[in-house]
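Encoded as structure tokens, the structure appears first; notes follow it.
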Amino acid sequence: MWKKIQERALPLLIAISALSVSASAAFYSVSGLSKLFAGASLEVIIMASSLEVAKLVIASLLYQYRKTIPSVLKYYLTTAAVVLVLITSMGIYGFLSAAYQETASKAGNIEAQVELLETKRDNFEEQLAGYTQEKESLNQSISDLRAGLAGNKIQYKDRETGQIITTTSSSNRKTFERQLDQALERQDVLNERIDGINESIFNLETEIVEISTNDELAGELGPLKYLSGLTGVPMDKIINILLLIIIFVFDPLAIALVIAANYAFEQLKEKTRENIYGEKELVEDDGMWTEEEIEDFNEQFNADDLIPDEEEDWEVVDEEEFRDLNRDGIINEEESNILKVLEETSRQYKVLYKDGSIRWVDKPDEQNRKVY
């Protein structure tokens, strides 16, 4: 029981992997194709889904009936499978590129917002520079008015006594005081405006930082920005290369896993052969080759080419004579395992055994004729 579970574990794992990769490839492909043809998305989904199923069926069919399927049908189905792989890859490319474009558009919107906020900030900084310059000039005027108010003195000579009298000019004092009051009021207005502009600039800087450090976009585009900065290649070109790598691996891998699953399950089937009564019987794994394995061997190594042409002189012998290489009239254990004599020299036979091995067998000294 446990041995059977172990034998079936790997084929099941291969089948599950094949189905998961195929299903995900089909999902991405159908979604991508529906976005490429958004005007008829439902129809495209139905069509693409049926083609995805047909592609997997074609891959299994070509493997299962590779020896018996007609050549024309085989070539057509192979071509159809390749075209379907290309269609699936196109759908996957459309799906992934649409996802990237969505993220890239968000990044573009953020860049536009940041640019707008920076423009507002620059305008406020220009106003701040003007108000700051005016405030410096006003501060100088206030200092001059205060100095003029402090030095507001006049001298005149008393007619009666003849003395020089020093006093202040009331008209000048009133003028200085009026101008100083106006300057101080303007100074208060400038201070309020400067404080308001500074607060606006601070708020804009904070908003720019918050938008620029968006955690979601930083996680999505961070690696691409890093690769772009590292290689000096634009981010759009990098994502295009990555998408091409993905699509050239994704669907071909799904097809390869489907074929591998068919092969793995085929190995689990019990081997049978027909007995002399035409009935199917199980073939125990005794190390001997089955007829199918022998045919595969002949096809691979062209063993049939070793059979002489009709023009050559050759002789057909019965099975007993064919196996009795030493011509002693007895079929020993080694000779009973002989499947075919592949080649003959003046001293040896080149013999193919049932276990697939090929060995040279010495001829008896008195025997020197060709046997096939």
Side-chain angles (χ1 to χ4, degrees), residues 24-25 27-42 44-45 88-140 185-251:
S24 58
F27 172 77
Y28 296 138
S29 175
V30 171
S31 300
L33 290 174
S34 64
K35 291 181 180 180
L36 289 175
F37 305 98
S41 58
L42 179 60
V44 171
I45 290 174
T88 301
S89 300
M90 181 179 65
I92 295 173
Y93 183 88
F95 178 84
L96 296 178
S97 61
Y100 167 73
Q101 288 299 328
E102 183 178 353
T103 304
S105 63
K106 291 180 181 179
N109 292 336
I110 288 178
E111 291 177 358
Q113 293 177 12
V114 170
E115 186 177 353
L116 179 60
L117 292 175
E118 288 177 346
T119 301
K120 291 182 178 180
R121 182 197 60 190
D122 294 339
N123 292 334
F124 280 125
E125 288 179 348
E126 290 179 1
Q127 294 180 20
L128 180 61
Y131 286 138
T132 301
Q133 185 177 1
E134 183 180 354
K135 182 179 178 181
E136 292 175 355
S137 177
L138 186 61
N139 289 338
Q140 183 63 40
E185 290 178 0
R186 180 61 180 172
Q187 187 182 47
D188 293 337
V189 172
L190 290 176
N191 287 334
E192 291 179 0
R193 292 183 178 179
I194 290 173
D195 291 341
I197 291 175
N198 283 328
E199 183 178 359
S200 298
I201 292 175
F202 176 79
N203 293 334
L204 289 173
E205 292 284 358
T206 303
E207 191 173 356
I208 290 173
V209 172
E210 290 177 353
I211 294 176
S212 301
T213 57
N214 186 291
D215 293 336
E216 181 180 356
L217 288 178
E220 293 178 0
L221 296 178
L224 292 176
K225 289 183 178 179
Y226 174 77
L227 287 175
S228 179
L230 184 66
T231 60
V233 179
M235 196 160 56
D236 290 342
K237 189 172 183 179
I238 290 178
I239 195 66
N240 190 53
I241 295 173
L242 292 177
L243 291 180
L244 291 176
I245 293 174
I246 291 172
I247 65 174
F248 281 124
V249 172
F250 207 152
D251 203 48

Which value, rounded to the nearest 0.5 Å, describes the distance between [X] atom [atom1] and [Y] atom [atom2]?
X    : Y    : atom1 : atom2 : value
I241 : D236 : CD1   : CG    : 11.5 Å
S34  : I45  : OG    : CD1   : 4.5 Å
S97  : L242 : OG    : CG    : 13.0 Å
D122 : L128 : CG    : CG    : 12.0 Å
F250 : S89  : CZ    : OG    : 10.0 Å
L204 : I197 : CG    : CD1   : 11.5 Å

Margin query: Between Y93 and N240, is there a side-chain donor-acceptor contact under 3.5 Å, judged purely by atom types and distance?
Written below: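 Short answer, yes.
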
Notebook entry, point to check: Under 4.5 Å between any side-chain heavy atoms of Q187 and N191, yes or no?
Noted result: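 Yes; the side chains approach each other to less than 4.5 Å.
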
Item checked: T206 side chain near F202 side chain, heavy-atom distance below 4.5 Å ->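 A side-chain contact exists here, since the closest heavy-atom pair is under 4.5 Å.
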
For a quick test of reading the model, state the closest non-hydrogen atom pair linking [X] to [Y] and the distance between them.
X    : Y    : answer
L117 : I208 : CB-CG1, 3.6 Å
I247 : L244 : CG1-O, 3.3 Å
D251 : A25  : OD1-CB, 3.9 Å

Checklist line | Any pair counted as salt bridge (charged side-chain N to carboxylate O under 4.0 Å, His left out), so long as it reaches residues 126-139, sequence neighbours left out | finding: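 Salt bridge (charged side-chain N to carboxylate O under 4.0 Å, His left out) check on residues 126-139 returns E134-R186.
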
Next item on the list: Apply ring pair (Phe, Tyr, Trp, His ring centres under 6.0 Å) to F95 and list each qualifying residue two or more places apart in sequence or on a separate chain.
Entry: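 Once residues adjacent in sequence are excluded, the partners of F95 under the ring pair (Phe, Tyr, Trp, His ring centres under 6.0 Å) criterion are Y28.
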
Next item on the list: With sequence neighbours excluded, tell me which residues meet salt bridge (charged side-chain N to carboxylate O under 4.0 Å, His left out) with E118.
Entry: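 Checked E118 against salt bridge (charged side-chain N to carboxylate O under 4.0 Å, His left out); zero matches.
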
Notebook entry, point to check: Counting only N and O atoms by type, is there a donor-acceptor contact under 3.5 Å from the side chain of S137 to the main-chain atoms of Q133?
Noted result: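 The answer is no, because no donor-acceptor pair under 3.5 Å joins these two groups.
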
